[in-house]
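All figures in this text were calculated on a predicted structure; none of them were measured in a lab. Just so it is clear: chains get the letters A, B, ... in the order the sequence lines come, proteins before strands, and each one is counted from 1.
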2 protein chains.
Amino acid sequence: MRIGELAKRTGVSPRALRYYEQQGLLHPERRPSGYREYGERDVRTVHGIRTLLAAGLHSAVIGELLSGLPLPGERPPGPTCPELLTGLARERARITETIRELTEARGLLDEIAAAAAPGEMITAPRPEPFSARRAPRRS
Amino acid sequence: MRIGELAKRTGVSPRALRYYEQQGLLHPERRPSGYREYGERDVRTVHGIRTLLAAGLHSAVIGELLSGLPLPGERPPGPTCPELLTGLARERARITETIRELTEARGLLDEIAAAAAPGEMITAPRPEPFSARRAPRRS
DNA sequence: CTAGAGCTTGACGTCGACGTCAGGGTCAAG
DNA sequence: CTTGACCCTGACGTCGACGTCAAGCTCTAG
């Protein structure tokens, strides 16, 4: 399929698809005319790329993962498996930490909402917004 | 305290603190010399700001939250409470969605790790990397 | 008094994943 | 053959939260 169709099927703009190729994440074939020709698996690849990008991985890192991936039977050059696993673990840890931060921030928003909402919910010694909270029991 | 001390106590650079003020997130007093003078609660405020920034909230939004916050007793001007709550809900939903995406991405990394790791773990009909997965049973 | 650390404002630089525009081929339908 | 949709390669623009550098004022210790 050509770039337009892949774009529709993935919800990603053609510009972004060309960018992914430029970063070494996609390797479409070329027609004599110069048009890019994509295969079915590219649809999945793009979804994977989007998922990892959404998680904050840099395209260069995603490129390493893809190029470092031992496809059935072969040992690819470039980053060795140990290095791949190291980077993998690093990103995994970063994601886990980010989830923690997000959870914390969400709790903060809830506190703010509770403080901002009309006294329906809380009328007692109203907890002040985070800018002046009394130590929330955190060591 | 002056900006340097607040920077040390929060782990945030002086440049960032000035930026927060410029965005209306902090309102330190000024000495006759022009030096900024911060209070104790600014320490907490800064931590809150960092938490929300880490969660992807724009400084402008954080500013609305802070300025829209009804401090004990007063009704501030600007964005009304309903609007505040709306924005609050929107950001909350965004955070929840982001957590979902992160969780998904982490799962993907685990799959890649499983595929990349030496056959110790899996030797059976090895699951291919995400770029060529067989439909993972998702509708 | 003087040095040095710390503070001020102002302004330009950075990084990443694209958006957008310009100028120009390709291709299938009518 | 022509039109219109689609594609190509540059190349510059964007947005946000700061980093960094410049030029100059302030404060404190010796």
By side chain to side chain donor-acceptor pair (under 3.5 Å), A:Arg31 pairs with (sequence neighbours left out) A:Glu37
Want to settle it: does B:Arg18 or A:Pro32 sit nearer the 5' end of DNA chain C, counting the closest nucleotide to each? B:Arg18
Side chain to side chain donor-acceptor pair (under 3.5 Å) with B:Tyr38: which residues, sequence neighbours excluded? none
For B:Thr10, enumerate each residue passing the side chain to side chain contact (heavy atoms under 4.5 Å, CB included) test, keeping only those at least two apart in sequence or located in another chain. B:Leu6, B:Val12, B:Val43, B:Val46, B:His47
Can you measure A:Arg31 atom CZ to C:dT26 atom C1' for me and round it to whole angstrom units? 10 Å
Under the salt bridge (charged side-chain N to carboxylate O under 4.0 Å, His left out) rule, what do A:Glu97 and A:Arg94 come out as? Steps first, then yes or no, please. CA-CA 5 Å; A:Glu97 170 60 12; A:Arg94 206 180 45 69; over 6 Å; no
Rounded interatomic separation in angstrom, taking CG from B:Leu52 and C1' from D:dG16: 16 Å
What is the distance, rounded to the nearest whole Å, between atom CD of A:Glu5 and atom C1' of C:dC27? 16 Å
Please identify each residue that fulfils salt bridge (charged side-chain N to carboxylate O under 4.0 Å, His left out) with A:Arg50, with sequence neighbours left out. none
Quick one: salt bridge (Lys or Arg N to Asp or Glu O under 4.0 Å) pairs with a partner in residues 16-25 of chain A, sequence neighbours left out? A:Glu21-A:Arg30, A:Glu21-A:Arg36
Restricting to side chain to side chain donor-acceptor pair (under 3.5 Å), what partner residues turn up for A:Glu101, sequence neighbours left out? none
Just how far, in rounded Å, is C1' of C:dT8 from CD of B:Gln22? 14 Å
Between C:dT8, D:dG16, D:dC27, which one does the side chain of B:Arg36 approach most closely? C:dT8
I'd like to know if A:Lys8 pairs up with A:Glu5 as an ion pair, taking the criterion as any Lys NZ or Arg NE/NH1/NH2 lying under 4.0 Å from an Asp or Glu carboxylate oxygen. no
Between atom CD in A:Glu21 and atom C1' in D:dG10, what is the gap in whole Å? 15 Å
Quick one: A:Leu57 CG to C:dG16 P, roughly how many Å, whole number? 13 Å
Partners of A:Thr96 by side chain to side chain donor-acceptor pair (under 3.5 Å), sequence neighbours excluded? B:Arg106
Please write out the pairs of protein N or O atoms and N or O atoms of nucleotides 18-22 of chain D separated by less than 3.5 Å, giving the distance to one decimal.
| unit_1 | atom_1 | unit_2 | atom_2 | d |
| --- | --- | --- | --- | --- |
| D:dC18 | OP1 | B:Arg50 | NH2 | 2.8 |
| D:dC18 | OP2 | B:Tyr20 | OH | 2.7 |
| D:dG19 | OP2 | B:Ser13 | OG | 2.6 |
| D:dG19 | N7 | B:Arg15 | NE | 3.3 |
| D:dG19 | O6 | B:Arg15 | NH2 | 3.1 |
| D:dT20 | O4 | B:Arg15 | NE | 3.1 |

What N/O pairs connect the protein and nucleotides 4-6 of chain C at under 3.5 Å? Give each pair on its own line.
| unit_1 | atom_1 | unit_2 | atom_2 | d |
| --- | --- | --- | --- | --- |
| C:dG6 | N2 | B:Tyr35 | OH | 2.3 |
| C:dG6 | N3 | B:Tyr35 | OH | 3.3 |

So does B:Ser33 get a side-chain nitrogen or oxygen closer than 4.0 Å to the phosphate oxygens (OP1/OP2) of D:dC27? yes
